[in-house]
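First the structure, in the form of structure tokens, and then the observations on it.
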Amino acid sequence: MPTAAPMTAEELLRLNVQDKRTELVKGRLVVRKPAGPPHGRVAMRIAVAISNHVYRHELGETFAAETGFTLRRNPDTVRAADAAFIATDRLPPSETRGFPELAPDLVVEVLSPDDRPGEVLAKVADWLTAGCRLVWVIDPVRRSGCAYRADGSVALLSDHDHLDGEDVLPGFTCLMASILT
């Protein structure tokens, strides 16, 4: 049985899948159901905190959930984070159409109940391999998180710890508990 040709980022952009979240992983379409309220609440809280800090200090731009980024070509990988930050000197032109071909400086992934650990780690690896400098994975159910860095180090976080922007998002800190309530 012949296999379908890998999908491209441009084909994904033209695709219309109603009421689903989509990504492209090595040319393969990944379709997921929408996330529920706990996910959305945590994703919005951290995105607002990051966005307010970025705007106040003129550091770059923050991107909302499900903004796609082309991380690899041939076969194409397009990933979407729950929140993302790109520093001013790396921003794509505002008139850019389609998915920009770059990894954000900071990516936030908020776990949903149906997320599988191996898939989450693969997504983190895709972000870091493409050039992302810091990935935060937040688990609302376990009230914990992880900070994955480009140098390969990982910090485990409880709800009593702070998310720290380090040198990626200078001056940013946020108590985990404040976004998990």
Side-chain angles (χ1 to χ4, degrees), residues 21 23 32-71 78-92 94 99-100 102-181:
R21 299 179 298 159
E23 289 183 315
R32 307 182 110 193
K33 66 183 178 182
H39 175 278
R41 186 172 30 255
V42 171
M44 180 57 81
R45 286 179 178 166
I46 190 61
V48 167
I50 292 168
S51 186
N52 286 341
H53 181 82
V54 167
Y55 181 75
R56 187 171 33 255
H57 298 283
E58 300 178 1
L59 299 173
E61 291 289 340
T62 308
F63 294 85
E66 305 313 320
T67 301
F69 297 92
T70 303
L71 303 181
V78 176
R79 290 291 198 175
D82 291 308
F85 160 73
I86 300 175
T88 301
D89 62 338
R90 298 188 60 246
L91 285 170
S94 58
F99 306 115
L102 63 93
D105 294 289
L106 168 69
V107 161
V108 179
E109 296 288 354
V110 178
L111 298 183
S112 296
D114 63 335
D115 283 333
R116 296 185 177 147
E119 291 172 354
V120 172
L121 289 176
K123 194 170 186 177
V124 168
D126 282 345
W127 288 120
L128 293 173
T129 300
C132 187
R133 296 169 49 208
L134 183 61
V135 179
W136 293 334
V137 175
I138 301 169
D139 186 340
V141 173
R142 291 184 179 82
R143 300 184 60 78
S144 63
C146 290
Y148 296 89
R149 298 178 190 94
D151 67 5
S153 63
V154 179
L156 303 177
L157 305 167
S158 76
D159 63 350
H160 301 295
D161 292 321
H162 282 82
L163 291 166
D164 187 328
E166 303 176 15
D167 64 336
V168 177
L169 192 58
F172 179 86
T173 63
C174 177
L175 181 64
M176 286 275 292
S178 72
I179 61 168
L180 295 170
T181 58

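All of these numbers come straight from a predicted model, not from anything done at the bench. For the numbers below, each heavy atom of this structure counts, side chains included, while hydrogens, waters and symmetry mates do not. Numbering starts at 1 and runs along the sequence shown.
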Next item on the list: Begin from the C-alpha positions of W136 and F172 and carry the test ring pair (Phe, Tyr, Trp, His ring centres under 6.0 Å) through to its verdict.
Entry: CA-CA 13 Å; W136 293 334; F172 179 86; 5.8 Å; yes
Next item on the list: Answer yes when E166 and R133 have at least one side-chain N-carboxylate O distance shorter than 4.0 Å, and no when they do not.
Entry: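 Here E166 does not pair with R133 in a salt bridge, since their nearest N and O are not under 4.0 Å apart.
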Atom pair [atom1] ([X]) and [atom2] ([Y]), whose distance is rounded to the nearest 0.5 Å:
{"X": "D126", "Y": "L121", "atom1": "CG", "atom2": "CG", "answer": "11.0 Å"}
{"X": "E61", "Y": "D105", "atom1": "CD", "atom2": "CG", "answer": "12.5 Å"}
{"X": "L106", "Y": "I50", "atom1": "CG", "atom2": "CD1", "answer": "5.0 Å"}
{"X": "R41", "Y": "I46", "atom1": "CZ", "atom2": "CD1", "answer": "15.0 Å"}
{"X": "N52", "Y": "H57", "atom1": "CG", "atom2": "NE2", "answer": "10.0 Å"}
{"X": "D161", "Y": "T173", "atom1": "CG", "atom2": "OG1", "answer": "12.0 Å"}

For [X] versus [Y], what's the shortest heavy-atom pair and its separation?
{"X": "S144", "Y": "L180", "value": "N-CD1, 4.4 Å"}
{"X": "A47", "Y": "A83", "value": "CB-CB, 3.9 Å"}
{"X": "D82", "Y": "A43", "value": "CB-CB, 4.1 Å"}
{"X": "D159", "Y": "R143", "value": "OD2-NE, 3.1 Å"}

Margin query: Between P104 and V107, is there a side-chain heavy-atom distance shorter than 4.5 Å?
Written below: yes
Margin query: What I'd like to find out is whether the side chain of V135 reaches to under 4.5 Å of the side chain of L128, using heavy atoms alone.
Written below: yes
Is there a donor-acceptor contact under 3.5 Å from the side chain of [X] to the main chain of [Y]?
{"X": "R90", "Y": "A103", "answer": "yes"}
{"X": "H39", "Y": "V110", "answer": "yes"}
{"X": "S153", "Y": "R149", "answer": "no"}
{"X": "S112", "Y": "D114", "answer": "no"}
{"X": "T67", "Y": "A64", "answer": "yes"}

Check: Would L134 and W127 satisfy side chain to side chain contact (heavy atoms under 4.5 Å, CB included), going step by step from the backbone distance to the final call?
Finding: CA-CA 9 Å; L134 183 61; W127 288 120; over 6 Å; no
Check: D115 pairs by salt bridge (charged side-chain N to carboxylate O under 4.0 Å, His left out) with which of K33, R142, K123, R32?
Finding: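 The residue from K33, R142, K123, R32 that satisfies salt bridge (charged side-chain N to carboxylate O under 4.0 Å, His left out) with D115 turns out to be R32.
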Next item on the list: Take F69 and I86, measure what side chain to side chain contact (heavy atoms under 4.5 Å, CB included) needs, and give me the verdict at the end.
Entry: CA-CA 11 Å; F69 297 92; I86 300 175; 3.7 Å; yes
Next item on the list: Run the numbers on L59 and T88 for side chain to side chain contact (heavy atoms under 4.5 Å, CB included), then give the verdict.
Entry: CA-CA 6 Å; L59 299 173; T88 301; 5.6 Å; no
Note to self: Using side chain to side chain contact (heavy atoms under 4.5 Å, CB included), reason through I138 and I179 one step at a time and then give a plain yes or no.
What the structure shows: CA-CA 10 Å; I138 301 169; I179 61 168; 3.6 Å; yes
